[in-house]
Amino acid sequence: MIWIIIYRQWLERIPHTQANTDSVIIVLHKKFLLGIIGLVTLSKAYNAGSHEDRIYKEWEASGLFTPKRSKNKKPFTIMMPPPNATGTLHLGHAVMLALQDVMTRYHRMKGDATLWLPGTDHASIATQNKVERILAEKGESRHSLGRPAFLKEVHKFVKESQKTIKNQVRKMGSSCDWTRERYTLDPELSTAVREAFVRMYEDGLIYRGNRIVNWCPRCSSTLADDEVVYKEERGNFYYLKYGPFTIGTSRPETKFLDKIIVVHPDDKRYKKYHGKTITVPWIHGDVEATILADKAADPEFGTGAMTITPAHDFIDFEIAQRHKLEVVQIIDEAGNLTEHAGEFAGMNARDARGKIITKLARKGLVEKIDEEYVHNLSICYRCDTPIEPLVSRQWFIDVDKKFGAEKKSLKKRAIEVVRTKKIQIVPERFDKTYFHWMENLHDWCISRQIWFGHEIPVWYCTSPKKAACEKPIVSRTTPKSCPHCDGKLKQDPDTLDTWFSSGTWTFTTLGWPKRSADLDYFHPTSVLETGYDILFFWVARMILMTSYLLDEIPFKTVYLHGLVRTREGKKMSKSHPETCIDPLDMITTYGADSLRLSMIVGSTPGNDLRLYEEKIAGFRNFVNKVWNASRFALMQVEEAGVSLKKRPPAKAKTLADQWILTRTQELIDEATRDIESYSFSEAGTKIYDFTWNEYCAWYLEISKGPEQNIGVLLYVLETLLKLLHPFIPYVTEVIWKELGHTNFLMAASWPKVEAKHRFKKEARQVQEVIEVISAVRSLRQENNIPPSQKITLHLSGKGKSPLLEAMREPIVRMARLSELTISTKAPELAPVLKSYSNGIEITVPLKGMVDLEAEITRIEKELSELKDYLNRLGQKLSSKEFTGRAPAHIVEAERGRQAEAQEKYSKLEEQLASLKKA
RNA sequence: GGGCGCUUAGCUCAGUUGGUUAGAGCGACUCGUUUACACCGAGUAGGCCGGGGGUUCGAAUCCCUCAGCGCCCACCA
């Protein structure tokens, strides 16, 4: 019953239904039935949710994500920055996956042996912290469980997280090779990491030393320099009397044993004290203090004199090293004061500060307290706990030690590969940041007092009997007993910095240290795509590690994307969930394709990108547009009775065909070049514009006329699907199947420009006609002529008649005309509406339906704008400097513009005069 | 303190080596059911391209300078 009503309504909408011969009815029945079939198979709006998971499964099952190594193909490799195996996918991941998938799919279609290797990172501190927090909720801690049981908990947690993350990576449509998936703690990678450590130790690049390190009392671990972040803090600054000196400090609790006063060698005030020893009253009684001259003291700061605490300050530690001074620990690993603090021993150092000051004040040693002192407090980037610098025995990588045939340090090599452009950073300006960081790099502390991670392959003899037993045993395999005395061994309890293992990610994932076929073929990798925030953490470390272990670069190009921000420009942070957009929610609502496009179009490398729901919705609309354009094309195919299996060739029959074919070639050319130069946003925008405006708004509309060309229609559509596929893989793949293909679009080859489809002159001509139709539409709207009212139109222009005649049908239809006359000269009619475009005069006879006043105002405005333009052009062209110095083609082009504007101006003037008469 | 970036339409942003009267999406306004799409179509308004100076025949684009915003690094004993 419903169908009959729909059928009736539909029948009424068809023009000429009054022709009720049987044959017409039969044709109409057929059309209606085809329509229903169309509705059943292809819904009116694209529903991403009902296709994406199925398509992904098909891709994955097809094996197309796995590249085949071949001598005839170029390898293209991207190693996915492994997401931490701790949480869920966030927008940062989504950006990276979108960009990497664009590159991967593009290169795969281009015919390269394309490998995108996925994986997860164990992220030692981050993961351990997370599990500790979960345990704390149950009243447990890692210490209450003990190391083996705790690690078991962590591994259980990681397994679950990995499952989640991996499914979310799939949701984004990532075409990565799951058969090669890796985890930084895989047994193979652990072996590789061990190998790396041993080699570097044997070559003297890794050493163990007592050095001052950043210590997080909460994590009970060291932190690398760049794992420390700073927070501005307002606190007290104390001026303390120290014999004849006044010294300033913000941390009196470290000063118990201070007995070295440092002054600048050139500071005249203190010259007389250099090298002298004096007795000064101090916290626990008198102290013998020595005055030392060192440039580290700034005469301008405070009183110009300072005491030093080598064990708890980086600068002080360096001074102590220079002058071979004693280093005594005042604060322990828990952040508490040691026995040197006397009655304060055992107290938390920071908590004791007030009490210590009280004692000093009682002794009359506090000169004054500045309460408005603002300084940067260093805190742990993982848990925000204030850092205690302290001296401890750790493992380091020596970045200055020269090695290899070239006798160059790690630092030097890492700088060179970027300076000589062996590694290209996109955008280039990050070179500078990189150099600055690298040049100031200190030895890298790689040991962490964390349980979860790669264990350090070092053992110590527990009961040393000979001198040789004191030496640590560094070994690829686990030794059974001390090689010197046969005594029992204990493994170093520490683990390696997470970045030590991820620094080897590009090659350990390919089988290193084995010389695997994969390693030979896919390394160095092509592109490393990641956020600029981990340029130092990770990118720099990879360059260091690879240059030593492989004597190679890890990748040829580094593409850095920005941070995802809210519409207001704020960081999306987990602590403010209301500012966060969950990528999975967006995928559910708008589809992965829309989310991907919203992160690629309008974003440029190295710059942050603001994301908000309306933006994603906008791209969902585009995805739907592509869907409907395809539906329309399919309807045309069916109506034309063409079989998809035996489709006609893309051969131009009309000017419009020639135009769209030419424009398609131009698009292929430009989009390809944009992708090659990492301008993904540009490429995406161009394809988007072409699809929506040129293909849908003009070519498809023209195709609704009698002169359809199914061959061209399909060729352009399929070319667009290919160009769009790296950006919006799902919808394009679904449509590809609907177009009767049995293979996958993801395996189709990237379009190439074909000379036979280029018709430059004709393309330009059609462009003129398009502009004429637009001009007519403008005239109509401005004069409130409704679309339902068809109008009479005259078009005239020298030499334009053949073109206009050739396109008469689309002009009549798309400008909604009742009659069109074409001539070389405009008819003498008044009053009329007029417009000009590309030397074509557009005349609409008035039939008393136009607001003359409004039209006069409009023309006057246009004339005045035109006059300004002509003045500027005139000035330019009359200037000898311009005509003499500018390239000839530029001058020519300007002359052409002048002539055209001049003609338009005089025609409009005539028109104005005639309107005023009427 | 050192370095980097941003400032373009009401909002979010493009603008590749200097060369049409500076573009897009969203939003606003006016029209509108025509063989796909209202997640649509047609049209309109809206910009001293942060300020000033310079180089050049020509600057949103290159140089200098100032201002506002943001980021990174170093760090004040």
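So you know, we letter chains A, B, ... as the sequences are listed, proteins then strands, and number each from 1.
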Considering only heavy side-chain atoms of A:N376, the closest of B:rA36, B:rC75, B:rA14 is B:rC75
P gap between B:rU16 and B:rC11, integer Å:
23 Å
Whole-angstrom distance between B:rC66 and B:rC26, as gauged at atom P
41 Å
Is there a side-chain contact between A:T883 and the phosphate of B:rC57, meaning an N or O under 4.0 Å from OP1 or OP2?
no
Select one nucleotide: of B:rA36, B:rU21, B:rC40, the one nearest the side-chain heavy atoms of A:N621.
B:rC40
Reported CG-to-CD1 distance for the pair A:L908 and A:I859, which is rounded to 0.5 angstrom:
6.0 Å
Report yes or no: is there a donor-acceptor pair, N or O only, under 3.5 Å between the side chain of A:N624 and the base of B:rC37?
no
For B:rC39, does either OP1 or OP2 sit under 4.0 Å from a side-chain N or O belonging to A:R620?
no
Side chains of A:K255 and A:T249, donor plus acceptor under 3.5 Å
no
Look at the side chain of A:K44 against the base of B:rA36 and say whether a donor-acceptor pair falls under 3.5 Å; ignore hydrogens and angles.
no
Pick the C1' atom in B:rU12 and in B:rG46, then give their distance to the nearest Å.
16 Å
Nearest-angstrom distance from the residue atom CG of A:L877 to P of B:rU21:
11 Å
Whole-Å gap separating P (B:rG3) and NE2 (A:H436):
9 Å
A:R429 (side chain) and B:rC4 (base): donor-acceptor pair under 3.5 Å
no
Taking only the P atom of each, what is the distance from B:rG52 to B:rU61 in whole angstrom?
12 Å
Tell me: CZ of A:F632 to P of B:rA36, nearest whole Å?
7 Å
How many Å lie between CD on A:Q875 and C1' on B:rG58, as a whole number?
13 Å
Strictly by Watson-Crick or wobble contacts shorter than 3.5 Å, is anything paired with B:rU30, and which nucleotide is it?
B:rA42
Which nucleotide, in any strand shown, forms a Watson-Crick or G-U wobble pair with B:rU12, with both distances under 3.5 Å?
B:rA24
Pairing partner (Watson-Crick or G-U wobble, both distances under 3.5 angstrom) of B:rG1:
B:rC73
Which nucleotide wins on minimum distance to the side chain of A:P787, given the candidates B:rC72, B:rC31, B:rU21?
B:rC31
Examine the side chains of A:Y836 and A:E900 and answer whether a donor and an acceptor come within less than 3.5 Å of each other.
no
Geometric class of the A:W627/A:H51 ring pair [parallel <30°, tilted 30-60°, perpendicular >60°]
tilted
Using whole Å, what does the distance between atom C1' of nucleotide B:rU20 and atom CG of A:L870 come to?
14 Å
Of all the nucleotides listed (B:rU12, B:rG43, B:rC57), which has the minimum atom distance to the side chain of A:R777?
B:rG43
Phosphate oxygens OP1/OP2 of B:rG41: is one of them under 4.0 Å from a side-chain N or O of A:W692?
yes
For atom P, what is the distance between B:rG25 and B:rG41, given to the nearest Å?
10 Å
Does B:rG41 have OP1 or OP2 sitting under 4.0 Å from an N or O in the side chain of A:K625?
yes
Counting only distance, no hydrogens or angles, is the base of B:rA36 paired donor-acceptor with the side chain of A:E701 under 3.5 Å?
yes
State the pairing partner of B:rU7; accept Watson-Crick or G-U wobble contacts with both distances under 3.5 Å, and report none otherwise.
B:rA67
Check whether any side-chain N or O of A:S43 sits under 3.5 Å from a backbone N or O of A:A45 as a donor-acceptor pair, and report yes or no.
yes
A:K704 to A:F632, cation-pi by 6.0 Å centre distance and 45° axis angle:
yes
Give me the distance, rounded to whole Å, that separates B:rG5 from B:rA77 when you measure between the P atoms they each carry.
31 Å
